[in-house]
Each structure stands twice: as structure tokens, then as C-alpha cells.
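Both backbone and side-chain heavy atoms feed into the values below; hydrogens, waters and symmetry mates do not.
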Amino acid sequence: QVQLVESGGGLVQAGDSLRLTCTATGNIRDWRIMGWYRQAPGRERELVANINALGGTNYGEDMKARFTVSTDNAGNMVYLQIISLKPEDTAVYYCRLVDVYAHTHWGQGTQVTVSS
């Protein structure tokens, strides 16, 4: 079983920076992809950024300029660094992991609220 716990969200002001952390535990050996999605009120969940086991990354549309995804050396934490936050970044940010069996796991999400 895989458990994902996000942290680092909160209320910030426009222009601030933030780093979200996702800690993965359980059967996470040889995971394929880890990353972040977000869902704003009334909108569909969208890709922010993914990183694969080889360190390759891909970003959602218009995300690459201000979002950076990375992992720790042990491979059980994934980070999302966000700079120059905007009110439209307000959303619940979810951690996602695709395991060696191609099963997808989700965290419970962490709320990011950006005030103008």
C-alpha cells in the first residue's frame, strides 16, 4: 500500500514563494512517476508537473516558468517549488505517484490560497 502526504500549503500573498512537499511511504520501490496536480474551485484537476524515476520532468501548460518539481535523493519525497504566486494559483494541490505496477495513487491534497 502506498500513502502520500502533502504539506507546505497555506495562505500566502501574491508574489510570495512556496514549497510543497509530498512524503511517500509504503510500497514505493521503483516508482515510475511522481508529481503534482491541482484543482481550483469549479475547475477540473490539472497537471502541474511530473518527474520520472530517471529525473525527466514535464510540466502542464504555462507551468514551467514558475513551478519546479524535484525529488530527494532517497526517492521518497517530491517537492514543488512555486515562485511569484498569483491569486489564480489558488487551488488544492495533490501529490500523485505511479508505482511499478502502473497503479496511480493520490494524496489528500494541501490547500494553497493566494491573496491579492
Student check: side-chain heavy atoms of Glu44 and Tyr37 closer than 4.5 Å: no
Side-chain donor or acceptor of Ser116 paired with backbone N/O of Pro87 under 3.5 Å: no
Side chain proximity check, Glu46 to Arg38, heavy atoms < 4.5 angstrom: yes
Separation between SG of Cys22 and CG of Leu80, rounded to the nearest 0.5 Å: 10.5 Å
Partners meeting side-chain hydrogen bond (donor to acceptor under 3.5 Å, both in side chains) with Gln111 (sequence neighbours left out): Thr113
Neighbour count above 12 (heavy atom, 6.0 Å) for Glu88 CD: yes
Heavy-atom check, side chain of Ile33 versus side chain of Arg96, under 4.5 Å: yes
Non-hydrogen side-chain atoms of Leu20 and Trp36 separated by less than 4.5 Å: yes
Side chain Trp106, main chain Leu4, donor-acceptor under 3.5 Å: no
Expected output: side-chain Glu6 to main-chain Gly109 donor-acceptor under 3.5 Å: yes
Cation-pi, Tyr94 ring and Arg45 (6.0 angstrom, 45 degrees): yes
Check: Leu85 and Leu18 side chains under 4.5 Å, non-hydrogen atoms: yes
Gap between atom CE of Met63 and atom OG1 of Thr57 - 0.5 Å precision: 14.0 Å
Any donor-acceptor pair under 3.5 Å from Thr23 side chain to Met77 backbone: no
Gln3 CD: over 12 foreign heavy atoms closer than 6.0 Å: yes
From Met34 atom CE to Ile28 atom CD1, the distance as rounded to the nearest 0.5 Å: 6.5 Å
Under 3.5 Å: donor-acceptor pair, side chain of Arg66, backbone of Ser84: yes
Plane angle bin for His105 and His103 - parallel if under 30°, tilted between 30 and 60°, otherwise perpendicular: perpendicular
Side-chain heavy-atom pair Asn76, Thr25 within 4.5 angstrom cut-off: no
In one Ile/Leu/Val/Met/Phe/Trp/Tyr side-chain cluster, 4.5 Å: Val98, Val69: no
Set of residues satisfying side-chain hydrogen bond (donor to acceptor under 3.5 Å, both in side chains) with respect to Thr104, sequence neighbours excluded: none
Closest contact, heavy atoms only, Arg32 versus Ala102: NH1-CB, 3.7 Å
Hphob cluster co-occupancy, Leu97 + Tyr79, side-chain heavy atoms under 4.5 angstrom: no
Pairwise side chain to side chain donor-acceptor pair (under 3.5 Å) hits with a residue in residues 7-19, at least two apart: none
Close side-chain approach of Tyr59 to Thr68, heavy-atom, < 4.5 Å: yes
Tyr93 side chain reached by Val48 side chain, heavy atoms, under 4.5 Å: yes
